[in-house]
*Asks:* 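Shown below is the structure under consideration.
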Amino acid sequence: AAKALMGQEEDRNRFAFPALAKAAGLMLAAPDGPRVAAMELGGWDTHTAQASRIAGPLKALDDGMVALKTALGPAWKRTVVLTMTEFGRTVRMNGTGGTDHGTASVAFLMGGSVKGGRVLANWPGLGPGKLLEDRDLLPTADLRGLAKGALGDHLGLRQTALEKIFPGSSGVESMKNLLA
């Protein structure tokens, strides 16, 4: 019953993120609108039945990014979108068909201002001796460096401002050459 209820809740909410993204796009596109928006999309914590549960959040993210781009219209060419997760997932499936909280993850930088079509990572691989603690993808970059690079270049923020936004990140270098 709990699984069915969870499925119904995910089904009901599958249109919530695209609607939120559309509303954000309309506000961001307005000449007197905000310059920054933050949105959240849940449903990624798939400890069980991941194969059947992950399609909903992936579809919502896809539909949301299309809604955002459409709502932004011509403003899309001046846009930078950073999608990231607060935690990674383990590489191997657990006993209930899901994955547990892990260390490394992935982030996407997209938008009309992004110098795209690239993967910016040192891929460590998944073979023997390549995983962190033999369970997690090995982290090779600090997401704060990606965020600092995007914010600094896109909004013209100085290093001192970026270090206030990301406390404790003075040793994390801003990624370069992210924007077109």
Side-chain angles (χ1 to χ4, degrees), residues 6 8-46 53-89 101-121 139-180:
M6 239 181 356
Q8 289 173 355
E9 183 179 326
E10 287 175 6
D11 188 55
R12 264 196 319 271
N13 292 329
R14 73 173 185 238
F15 300 112
F17 185 72
L20 175 64
K22 178 181 179 183
L26 292 172
M27 288 188 286
L28 290 164
D32 60 344
R35 294 182 62 205
V36 176
M39 298 177 281
E40 180 180 355
L41 173 59
W44 304 99
D45 202 4
T46 53
R53 293 179 56 208
I54 199 73
L58 287 170
K59 178 87 169 109
L61 178 61
D62 182 45
D63 291 347
M65 291 301 98
V66 169
L68 177 66
K69 182 179 180 184
T70 301
L72 281 165
W76 175 257
K77 65 183 170 213
R78 300 184 313 273
T79 300
V80 175
V81 179
L82 172 60
T83 62
M84 60 187 199
T85 179
E86 64 183 292
F87 53 83
R89 305 303 302 180
H101 292 223
T103 304
S105 187
V106 65
F108 298 101
L109 195 63
M110 59 190 114
S113 290
V114 175
K115 187 184 289 185
R118 312 175 286 159
V119 175
L120 303 175
T140 62
D142 190 319
L143 282 176
R144 295 174 299 175
L146 176 64
K148 286 169 74 171
L151 279 173
D153 289 350
H154 190 60
L155 299 178
L157 299 178
R158 297 174 192 246
Q159 192 64 29
T160 53
L162 293 169
E163 289 175 13
K164 286 181 182 177
I165 295 168
F166 300 102
S169 71
S170 60
V172 178
E173 197 171 317
S174 297
M175 287 188 182
K176 306 287 185 221
N177 203 25
L178 299 172
L179 305 184

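Starting from 1, each residue takes its place in the sequence as its number. All of these numbers come straight from a predicted model, not from anything done at the bench.
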*Asks:* Identify, with sequence neighbours excluded, every residue that meets side chain to side chain donor-acceptor pair (under 3.5 Å) alongside Asp32.
*Replies:* none
*Asks:* What distance separates Gln159 CD from Ser174 OG, expressed to the nearest 0.5 Å?
*Replies:* 4.5 Å
*Asks:* Which atom pair, heavy atoms only, marks the closest approach of Leu179 to Ala150?
*Replies:* CD1-O, 4.2 Å
*Asks:* First locate atom CG of Leu178, then atom CG of Leu120, and finally report the distance between them rounded to the nearest 0.5 Å.
*Replies:* 6.5 Å
*Asks:* Between Leu72 and Gly25, which heavy-atom pair has the shortest distance, and what is it?
*Replies:* CD2-O, 3.5 Å
*Asks:* Nearest 0.5 Å please: distance from the CG atom of Leu61 over to the CZ atom of Phe108.
*Replies:* 8.0 Å
*Asks:* What pairs meet the salt bridge (charged side-chain N to carboxylate O under 4.0 Å, His left out) rule with one or both residues in residues 141-157, with sequence neighbours excluded?
*Replies:* Asp142-Arg144
*Asks:* For Lys77, does its backbone N or O pair with a side-chain atom of Ser113 as donor and acceptor, under 3.5 Å?
*Replies:* yes
*Asks:* Could you report the tightest heavy-atom contact between Phe166 and Ala147, atom names first, then the distance?
*Replies:* CZ-CB, 3.5 Å
*Asks:* Kindly write out the residues that satisfy side-chain contact (heavy atoms from CB on, under 4.5 Å) with Lys22, not counting sequence neighbours, or none if the list is empty.
*Replies:* Leu26, Ala67, Ala71
*Asks:* How close do Gly145 and Val172 get, heavy atom to heavy atom, and via which atoms?
*Replies:* N-CG1, 3.5 Å
*Asks:* A side-chain contact here means heavy atoms from C-beta on lying under 4.5 Å apart; do Arg118 and Asn177 qualify?
*Replies:* yes
*Asks:* Rounded at 0.5 Å granularity, tell me how far CG in Leu68 sits from CE in Met65.
*Replies:* 5.0 Å
*Asks:* Given 3.5 Å as the limit, does a donor-acceptor pair link the side chain of His154 with the main chain of Gly149, or not?
*Replies:* no
*Asks:* Applying side-chain contact (heavy atoms from CB on, under 4.5 Å), can you list everything that pairs with Thr103, at least two apart in sequence or on another chain?
*Replies:* Leu132, Asp136, Pro139
*Asks:* Would you give the length of the straight line joining atom CD of Glu40 to atom CZ of Phe17, rounded to the nearest 0.5 angstrom?
*Replies:* 9.5 Å
*Asks:* By side-chain contact (heavy atoms from CB on, under 4.5 Å), which residues pair with Pro167, not counting sequence neighbours?
*Replies:* none
*Asks:* Locate the shortest heavy-atom distance separating Pro57 from Arg53; write the atom from each residue and the value.
*Replies:* CD-O, 3.1 Å
*Asks:* Side-chain contact, heavy-atom cut-off 4.5 Å: Thr79 with Leu28?
*Replies:* no
*Asks:* Can you confirm whether Met39 is buried at CE, in the sense that more than 12 heavy atoms of other residues, nucleotides or ligands lie under 6.0 Å from that atom?
*Replies:* yes
*Asks:* Find the distance between CG (Leu109) and CE (Met175) and round it off to the nearest 0.5 Å.
*Replies:* 9.5 Å
*Asks:* Could you please spell out the steps behind the side-chain contact (heavy atoms from CB on, under 4.5 Å) verdict for Thr70 and Val66?
*Replies:* CA-CA 6 Å; Thr70 301; Val66 169; 4.1 Å; yes
*Asks:* Could I get the full list of side chain to side chain donor-acceptor pair (under 3.5 Å) partners for Thr46, not counting sequence neighbours?
*Replies:* Gln50
